[in-house]
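None of these values were measured; they are calculated from a predicted model.
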Amino acid sequence: MAEATEYTAKDIRVLKGLEAVRNRPAMYVGTTGPRGLHHILYEVVDNSIDEVFAGACDRIEVTLYEDGSAEVVDNGRGIPVDEHPTEKRSALEVVMTTLHAGGKFGGGGYKVSGGLHGVGVSCTNALSEWLEVEVSRDGAKWYQRYERGKPVTKVEKRGSARGTGTRVRFLPDAQIFESTTFDFDTVARRLRELAYLAGGVRITLRDRRGPQQREEVFYYKGGIRAYVEHLNEGTDVLHKPIFFRGEREGVEVEIAIQYNDGIHETILSYANAIHTAEGGTHLSGFKSAVTAAVNNYAFSSGMRKEKQRRLTGDEVREGMTAVISVKLRNPQFEGQTKTKLGNSEIEGLVYSIVYEGLSDFLAENPAIARRIVNKAETAARANDAARRAAEATRKTALSGASLPGKLADCSSRNPEESELFLVEGDSAGGNAKQARDSRFQAILPLRGVIINVEKNRLDRVLSNEEIRAIITALGTGITTHSGNGDVENGGEEATSKFDLSKLRYHRIIVMADADVDGSHIRTLVLTFFFRYMQPLIRAGHLYIAQPPLYRVKAGKETHYALDDEALKALLDRLGKRVTVYRFKGLSEMDPDDLAQTTMEPATRKLRQVTLEEAEEASRIISVLMGDNVEQRREFLVQHAKATQDLDLWA
Ligand code: 0RA
């Protein structure tokens with residue numbers, strides 16, 4: 001090619017440049033897969049979008065052809081064709097063949113594609129089997145063709161033209177790309193995004209490949225206002241989009257905000273039309289400004305009182321959908337995927353534009369402002385409630401430090417195999433500690449009197465040391481509703497929600513003497529569980545240990561009898577050469593006796609507590625404490641009888 005040799009001598013550096021792109025394409029367009037392929041199309045489109053941003057273009061047409069080529073036509077100013085001052089050849093050729101000849105020759109305007117890889121349209125040229133460009137400018141049409149980045153024609157004049165614009169058509173090089181097939185939906189997505197961001201440009205996408213030809217037009221007069229409305233489709237919105245723009249130090253900022261009644265936050269940020277998925281300084285400036293402006297309005301309008309805390313950023317942004325678009329001269333892209341804007345000067349700049357813009361809007365639209373503040377306050381209340389619940393749970397949680405000092409815990413942390421014995425009295429507790437299998441059995445001695453939960457308010461119940469130790473050891477918290485008119489709720493501050501999944505032991509075993517005191521304690525404990533941990537009873541986690549009343553020795557054999565009835569049956573079976581011993585209480589049982597009869601799972605006798613039994617216990621307690629003298633007398637007589645019966649066997 002005669003023309004080609006004309007260029008070689010003085011353009012050796014340039015040709016080397018495009019050769020570098022061909023040698024290591026992934027370095028310039030990311031990958032040689034589908035992403036890279038689409039990238040070289042976007043490089044051309046981005047140049048047209050620059051013309052839109054410069055106010056010089058309102059139409060872009062993208063066509064995917066049957067032969068595998070793609071075409072981008074715009075009605076911008078057209079690439080300059082006159083001789084380049086230093087390169088001494090057509091500026092058009094310099095733009096198309098010089099790596100990174102972007103930046104509009106140092107002129108005005110933003111370089112959209114200066115973002116992701118910043119390679120410009122010459123890269124598309126380098127990675128195309130062929131590329132043709134046609135420029136309409138100064139009343140004439142100019143044309144040039146390239147193959148794999150090298151000009152194969154001069155810049156030729158091809159008749160006259162009305163208006164201005166650029167047409168670029170290229171065939172991606174199959175030697176470079178793994179696949180050279182453009183995906184309509186992928187291209188459509190990017191063009192739609194650009195149409196929203198550029199606002200007012202009509203972008204047409206045509207598919208001329210195969211039988212199913214398609215065409216889509218993206219035109220959004222409202223720009224990013226229409227974008228947030230699109231993002232909010234299918235939600236209930238609180239207001240029309242809030243929009244403001246500002247320009248400072250050559251940086252353009254555009255913001256659109258629209259709240260919906262949901263709890264999700266959707267903020268899309270862009271720098272020079274590049275989606276900054278990792279955010280950056282424009283996003284952080286926006287967030288701080290929104291938090292400040294909404295709080296300022298909430299407090300100065302009196303909606304929020306002086307003594308109340310500030311609304312947090314997360315609260316202020318619940319249900320917010322927003323698009324942030326900034327345009328700046330030298331974007332710095334950082335982060336894992338190079339999609340985080342790093343320019344530090346942008347943060348304060350965006351902050352002041354957003355703070356001012358949003359504050360003005362709130363002041364001028366009090367009805368909408370109230371809706372937004374109300375929404376944030378709802379979020380704040382939910383957060384506070386959740387925090388209180390978490391705090392209460394934390395206090396009663398698993399951490400060893402917060403467990404009651406009296407608790408002799410087991411070593412297992414598996415609730416399913418773990419058991420907690422609530423043992424009446426310190427000395428019985430000491431015996432139980434010796435008798436237990438410490439791997440899965442924990443002991444909590446209950447000394448002194450358990451508070452009567454039927455008679456006392458929640459705050460006093462919770463101040464009782466024994467009750468507190470039980471709650472803390474179990475880890476579940478308590479239910480706040482008592483289901484009893486006599487018991488006042490101490491306020492949600494004082495209590496947490498009951499959470500059965502936090503239960504540290506799946507068997508809670510009440511172990512008390514088989515006498516009147518023991519019965520009293522059992523009844524009080526059952527009443528507490530009935531009032532404050534009912535789900536635990538329903539789930540079958542509460543048991544009563546049944547220590548035997550008698551030990552019977554027949555020669556070398558040792559037998560135990562739970563009660564009088566059992567003893568009678570035992571004596572009948574064994575004959576008369578036996579020694580009967582009646583235990584006076586848990587505290588005087590040998591650890592061996594205790595282990596075998598009451599604690600060892602294989603040999604002990606447990607009784608699961610039913611809800612009915614627990615309810616009965618609470619009734620007994622209210623009768624005992626109640627004013628009905630008849631009932632009380634009857635109750636005491638019953639108990640005295642039981643005591644007498646026991647004494648007969650002593
Ligand atoms: C360099 C300078 C100017 C515009 C362009 C390039 C330009 C490139 C492409 C690529 C596709 N469409 C395009 N449109 C314009 C500025 C021209 C001027 O100042 O007149």
Other residues, nucleotides and ligands only: do more than 12 of their heavy atoms fall within 6.0 Å of CZ on R148?
yes

pair [X]-[Y]: side-chain heavy atoms closer than 4.5 Å:
| X | Y | value |
| --- | --- | --- |
| I224 | F243 | yes |
| L127 | V29 | yes |
| R145 | P151 | no |
| T124 | L41 | no |
| Y65 | R209 | no |
| H38 | D183 | yes |

Heavy-atom closest pair (M96 atom, N125 atom, distance to 0.1 Å) is O-ND2, 2.9 Å

Identify which one of V73, I49, T204 satisfies the side chain to side chain contact (heavy atoms under 4.5 Å, CB included) criterion when paired with I60.
I49

Test item: side-chain donor near acceptor, E193 and Y270, under 3.5 Å:
yes

Indicate yes or no for a side-chain donor-acceptor contact from [X] to the backbone of [Y] under 3.5 Å, with no hydrogens or angles considered.
| X | Y | result |
| --- | --- | --- |
| N365 | A367 | no |
| N232 | Q258 | yes |
| S352 | L349 | yes |
| N272 | L328 | yes |
| N343 | T281 | no |
| H239 | Y259 | yes |

Should the pair [X]-[Y] be classified as a salt bridge under the 4.0 Å nitrogen-to-oxygen rule?
| X | Y | value |
| --- | --- | --- |
| D67 | R169 | yes |
| R208 | E66 | no |
| E247 | R245 | no |
| E315 | R309 | yes |

